[in-house]
Every structure is written in structure tokens, then in C-alpha cells.
2 protein chains.
Amino acid sequence: MSAPTVYDVAERANVSIATVSRVYRNPGTVREQTRDRVLVAARELGYVPSGNARGLASRSTGVLGLCFPDYADPDLDDDDAEQTLYADEITRGMERAARRHGYALLIAASLEDGPESLVASVAGRVDGFAVLARTVATEDLELMSRRLPVVMIAGPREIDHLDHLEVANLDGEFTMTTHLIADHGLRRLAFVGGGEDSPDARARFAGFQQALRAADLPVPAEPAARGDFTQAGGREAARRLLARGAPPQAMVFANDQMAIGGLDVLERQGMRVPADMAVVGFDGIPLGRVVRPSLTTVTQPMRRLGETAVDLLVERLADPDREPRSEMLPVTQTRRASCGCPEPAPR
Amino acid sequence: MSAPTVYDVAERANVSIATVSRVYRNPGTVREQTRDRVLVAARELGYVPSGNARGLASRSTGVLGLCFPDYADPDLDDDDAEQTLYADEITRGMERAARRHGYALLIAASLEDGPESLVASVAGRVDGFAVLARTVATEDLELMSRRLPVVMIAGPREIDHLDHLEVANLDGEFTMTTHLIADHGLRRLAFVGGGEDSPDARARFAGFQQALRAADLPVPAEPAARGDFTQAGGREAARRLLARGAPPQAMVFANDQMAIGGLDVLERQGMRVPADMAVVGFDGIPLGRVVRPSLTTVTQPMRRLGETAVDLLVERLADPDREPRSEMLPVTQTRRASCGCPEPAPR
DNA sequence: GTGAAAGCGCTAACAT
DNA sequence: ATGTTAGCGCTTTCAC
């Protein structure tokens with residue numbers, strides 16, 4: 001079971017190891033007859049080039065990495081589906097883009113860090129990598145980014161010499177809120193935020209605030225309620241808002257899962273959506289299209305995040321000295337029934 | 001930007017490279033004071049061990065691989081969601097399990113094979129890998145499996161000395177079909193299959209046939225219709241079945257996506273499900289819980305497939321000579337409204 | 001077009 | 001507890 005090497009192949013094909021190597025790297029520079037001999041020998045032996053040896057000799061691995069937080073534990077049903085989905089979509093986007101560029105993808109979810117932290121183990125094996133916000137200690141990132149390309153996805157731009165990617169959270173929520181105010185004539189809107197430390201939720205809240213301000217409506221300093229991004233959290237928040245009396249005319253949830261939880265509570269309490277209460281989310285998860293009423297939301301380009309991350313990585317690999325770039329990906333408004341817009345036609 | 005090596009760290013910490021290496025591999029065997037010196041030096045330099053050099057020297061990479069087919073192309077909405085979801089869940093399962101065992105995960109979707117096929121590029125970088133059925137030419141697999149652990153997920157067991165993992169397709173469909181016959185008293189059932197070459201769909205059909213036979217009902221030699229596993233395919237198949245006259249009392253779809261497409265067509269044609277027509281799927285995708293009527297289905301343990309694959313890999317890594325194993329993972333019956341069972345209570 | 005030889009950065013005996 | 005020294009399997013000049 002010990003793997004054959006270039007030496008074995010070379011011997012069998014009566015050529016030097018250099019030629020074997022060439023057959024794989026620059027087939028063009030080897031005479032056809034010789035090349036065939038090598039290929040046949042390789043096949044007979046079951047030879048596969050060692051990625052490690054290659055990487056070591058050529059100082060590049062042909063692999064790009066992705067680090068993301070380890071969402072949720074067990075077999076939890078779908079409440080973790082969102083974050084999980086988020087990471088998955090990014091993974092898929094990166095995977096595709098990486099392959100297009102001839103790279104493989106190494107993925108690693110953080111757990112805890114021994115002396116060899118997650119980053120280090122990834123960093124040692126790849127030509128560059130992407131990190132989802134708040135996966136990795138800033139300090140470690142700082143270190144790594146001095147030696148190989150790193151792009152930070154979502155979240156605030158913590159390290160200024162890093163390439164950075166985010167979505168237009170503020171803009172998206174501003175536009176959505178303005179839609180509620182201007183197009184549906186609503187004036188009492190409640191924002192349901194996420195945990196204090198979520199920069200995404202904060203940016204969305206800021207967009208919400210701006211829209212109120214722009215419309216000369218009273219601007220709350222804090223979200224009317226907070227949730228933990230799960231459906232359960234959304235239910236909870238909706239209940240609290242309703243219990244408070246003087247219910248708003250619209251609930252603007254910081255994400256879709258919470259909005260869907262909210263929808264459920266509203267229905268059970270006999271409120272009609274959108275007639276009595278408009279509801280909007282953020283993210284654009286598939287579920288939102290299926291729930292009734294279908295969910296109006298701000299759709300994130302999740303897959304494109306992954307693709308763009310790879311693009312940035314590849315660019316920087318090609319030109320290590322180019323200025324760090326920060327890109328903001330646009331979001332799109334998905335107007336369905338829960339805000340009062342007409343139910344879109346089924347496909 | 002050229003990465004520091006053990007030599008740089010050793011020099012800075014006034015120790016030998018061996019000591020540096022030890023600090024990372026067996027911290028216990030180095031005096032604390034020395035260890036700290038090394039760690040400090042490493043940190044100052046931004047040192048990260050090279051995975052390649054490590055792998056080369058130690059003949060093991062600490063990475064497990066996964067190859068899967070490249071489902072669908074563009075940004076296709078949700079019709080590819082299923083296969084995609086399937087692969088994702090397996091990926092997640094493997095990722096978690098791999099991490100538990102201290103491995104990272106390299107993923108690669110096949111595209112086409114140059115001289116360096118997908119397998120080869122994966123095989124050269126990992127300690128062992130899993131392959132989703134029909135991703136990789138059998139011949140290549142045969143070759144690879146002689147040099148490193150390979151486990152084949154789903155599909156038939158094409159190579160007998162490979163570890164192999166599958167789900168109880170036949171059993172699951174047998175039980176489901178029997179439920180329709182015995183518990184709901186249905187007697188005219190139509191099976192909607194997948195492409196001819198899908199071993200999964202075939203196994204499910206076989207389970208369907210067995211159930212009919214066991215109930216002394218007429219046993220069709222072929223599925224009543226076929227689809228391509230998408231919702232559109234399911235719609236199409238349902239339409240054809242309906243157009244044929246003498247509609248069945250139940251449609252048994254080879255997977256959930258098709259079943260959901262079927263549900264849609266039935267509703268539009270004014271048939272009530274399950275009153276006029278029972279519908280069941282296979283897979284257990286999240287969407288099935290949300291559609292109305294909610295979909296009765298056979299749920300696959302997707303994530304566990306990934307976990308088990310890793311377990312098999314790790315076992316074989318520990319004992320390369322153990323007999324090849326083939327495991328069949330159980331499926332579960334998910335009875336919801338579309339077969340005539342009561343709608344389960346919302347959570 | 002092909003071969004010879006020098007590393008790539010690390011681990012793993014084996015010394016000390 | 002720490003240092004010395006071979007490789008690991010490949011790529012890559014540089015000759016021929």
C-alpha cells in the first residue's frame with residue numbers, strides 16, 4: 001500500500017524523474033512517444049502525484065481555504081438552518097469559483113483553538129483563504145494576513161490591510177423600510193434586532209433608523225426587541241411586542257428566520273398579515289417564498305459572496321502588492337405578500 | 001511575504017529546528033522555558049508550519065477528501081436545491097466528523113477530467129476520501145483504492161474491496177408503500193421513477209414492487225412515469241399520469257422535489273390531496289414540512305452518511321487491512337398529511 | 001527533448 | 001531535554 005513515486009514511474013518507463021514530472025506539468029515539452037510510455041507506466045502502477053511534495057517544491061498548494069464558525073451542535077432541526085445555510089451557500093459559491101480557477105477548497109469550521117489554531121492549520125495548507133466574520137481571533141488574522149492572502153467575509157472591516165467583503169446591510173434595510181413607509185403608508189414600525197454583538201444586525205438597524213429619520217418619523221435609539229436569529233427568537237420577540245400594547249403597524253425583523261417565527265405568532269393571535277401588521281425579514285432564504293403569506297425580504301447574494309471571495313483571493317495571489325480592497329455586494333428587494341404587496345405569481 | 005520556516009524560528013529562539021518541531025508536535029517533551037521561547041519567536045515571526053512539508057515528511061496530511069458530482073450549473077433556483085442539499089448535508093456531516101477526529105476536509109466537485117483527474121488531485125492531497133456515487137470513473141476509483149482508503153457513498157457497490165455506504169432505499173419504500181396499502185386502504189398506486197440510471201430510484205422502485213407483491217396487488221414491471229428529480233419533472237409526470245385517465249389513488253414519487261411538483265399540479269387540477277389522491281416522496285427535505293398538505297416521505301439520514309463515511313475512513317486508516325465494510329443506514333418514515341395521516345402539530 | 005542534481009520545510013530516528 | 005542528520009516526493013535550473 002505504499003504509494004508509487006516519480007522514481008517508480010521513471011524506472012518503469014525508462015526515463016528520468018524529470019521527464020515524469022514534465023509529463024504532468026508541461027505535457028507539450030515531452031515527445032509524444034515518451035509521454036505515452038510514462039502515462040502507461042503511471043497507470044499500471046496507480047501513480048498519483050503527491051500534492052504535498054508538489055506543494056513543497058513549488059511553493060503553492062493549489063488549494064484555497066474557508067474558515068467559518070461552527071454553528072450549532074447537534075441535529076437540531078431547522079433553526080440553525082439559516083446560519084448553516086448561509087455558510088453553505090458561501091461554501092458552494094467558493095467551491096465553484098475555486099474550481100473555475102483551478103483550485104480545490106479546504107473547509108474548516110472553528111471549534112476551539114489549541115496551540116495550533118484553526119487558522120494556522122488552514123493557513124499552512126493553502127495559498128490563501130477566506131474567513132467568515134468572527135470565526136478567528138483578529139490577532140491571528142493579523143498575523144496570517146502578513147504571509148498569505150486573506151479575505152474577510154461579512155462583518156466590519158477589522159483589519160485594514162485585509163481584503164474585505166460585505167453586503168449592503170444598511171442600504172438594503174433603508175430601502176426596505178422606506179418602501180414600507182412610502183409605498184404602504186405605514187408610520188409605526190418596530191425593528192426586531194439580533195444579539196448586541198452582531199454587526200450585521202446593527203447595520204440593518206442603522207438603515208432602519210435612517211429611513212425613519214428621512215421620513216421625519218420618530219427614531220428609536222434601540223431596537224424595539226431583540227432575538228437570537230432563530231424562529232423561536234422571532235416568536236418570542238413578536239409576543240413581547242404584542243403584549244406591550246399599542247402594537248406597531250409593521251415589524252421589521254433583522255433576519256428571515258425571526259420574521260417567520262413572527263408570522264406564526266401573529267397568525268395565532270388572530271392578526272392578519274399584512275392587513276393588520278406588515279412583516280419583513282432579511283436574507284432571502286428559500287423558506288420565505290413558501291410560507292403564507294410569503295415573506296417580503298431583502299435578499300443577500302450569498303453565493304456571490306463566496307465567488308467574489310475567490311476572485312479577490314486569486315487577484316491578490318496574482319498581484320500580492322495591490323492595495324487591499326473592500327467590496328460591498330448589493331442586495332435586492334424581494335417584495336412578496338407579507339408587506340402588503342401582491343402575492344407574486346407561482347412559477 | 002516569504003514565509004518563515006522552522007529555521008528562522010530556531011535561530012531566533014536559539015534552539016535547533018528539531019526543538020521547534022517538537023514544540024508543535026509534542027509540547028510535553030520540551031522544557032517549558034524553551035517552549036515559551038520558541039512560541040514567542042514563532043509568534044513574532046508569524047510562523048505557521050507548512051502543511052505540505054509536514055505531510056511530506058510524515059506521510060500523512062491530516063486531511064480527508066470528498067468528491068461529488070457538480071450538480072447543475074448556474075444560479076438556478078431551487079430545483080437543484082435537492083441534490084445540492086444532499087451533497088451539502090453530507091459535506092456538513094463529514095466536516096463535523098472529520099474535525100472531531102482532527103482532520104480537515106477537502107471538497108471537490110467533479111467537472112471534467114484532464115490528464116489529472118479530479119480524483120487524482122484529491123487523492124494526492126488527502127489521507128483518504130469519500131466519493132458520492134457516480135462522481136468518478138470506476139476504473140479510477142479502483143486504482144486509487146489500492147493506495148489509500150476510499151469510501152463510496154450511495155449507489156451500488158461497484159468495487160468490492162471498497163468500503164461502502166448506502167441508505168435503505170428498498171426497505172424504506174417498501175415500508176412506505178405498505179403503509180399506503182395497509183393503513184390507508186389504497187390499491188391503485190403509481191410509482192414515479194427517476195432516470196433509468198439512478199440506482200437509488202431503482203432500489204426504491206424495487207421496494208415499491210415488493211410491497212405490491214406482498215399485498216397481492218398487480219406488480220408493474222416499470223414505473224408508471226419517470227422524472228428527472230426536479231419539481232418541474234414531477235409536475236410533468238403528474239400531468240401525464242392524470243392525462244392517461246383512470247388515475248391512481250396514490251402517487252409514489254422517487255423523491256421529494258418531484259412529489260412537491262406533483263402536489264402543485266394536483267391542486268391546480270382540482271384534486272384534493274390526500275382525499276382524492278395520496279402523495280408521498282422520498283428524502284425528507286425541509287421543504288416537505290412546509291408545503292400544504294405537508295409531505296409524507298421517507299427521510300434519509302443525510303448528515304449521518306457523511307459522519308459514517310468519516311468513521312469508516314478513520315477506521316481503515318487505523319487498520320488498513322481490515323475487511324472492506326458495507327453499511328446500510330436506516331431511513332425513517334415521516335408521516336404527514338399528504339398520505340392521509342393527520343397533519344402533525346406545529347412545533 | 002531529456003537527464004542530473006539541488007533544494008522546498010518538515011519529521012523522525014539516532015546521538016548526546 | 002535538545003541537537004544532528006537523513007530523507008519525504010516533487011519541481012526546477014542547468015547541462016547535454
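We name chains A, B, ... by the order of the sequence lines, and we start the count at 1 in each one. Computed from heavy atoms alone, side chains included, the values below leave out hydrogens, waters and symmetry copies.
- When every heavy atom of Leu148(A) is checked against every heavy atom of Gly128(A), the shortest pair comes out as CD1-N, 3.9 Å.
- One finds a side-chain N or O of Thr19(A) lying less than 4.0 angstrom from the OP1 or OP2 phosphate oxygen of dG3(C).
- A side-chain donor-acceptor contact under 3.5 Å links Thr91(A) to the backbone of Ala87(A).
- To the nearest 0.5 Å, atoms CG (Asp88(B)) and CD (Glu89(A)) are separated by 7.0 Å.
- The nearest pair of heavy atoms linking Asp127(A) to Leu64(A) is CB-CD1, 4.3 Å.
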query = What does nucleotides 9-16 of chain C look like as a protein-contact string, B for base, S for sugar-phosphate only, - for none, at under 4.0 angstrom between heavy atoms?
reply = BBBBB---

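- Between Ala41(B) and Arg12(B), the shortest heavy-atom distance links the atoms CB-CG, 3.7 Å.
- Listed pair Thr34(A) / dT2(C) meets the phosphate criterion, a side-chain N or O lying under 4.0 Å from OP1 or OP2.
- Rounded to whole angstrom, the span from the CZ atom of Arg125(B) across to the P atom of dC8(D) amounts to 21 Å.
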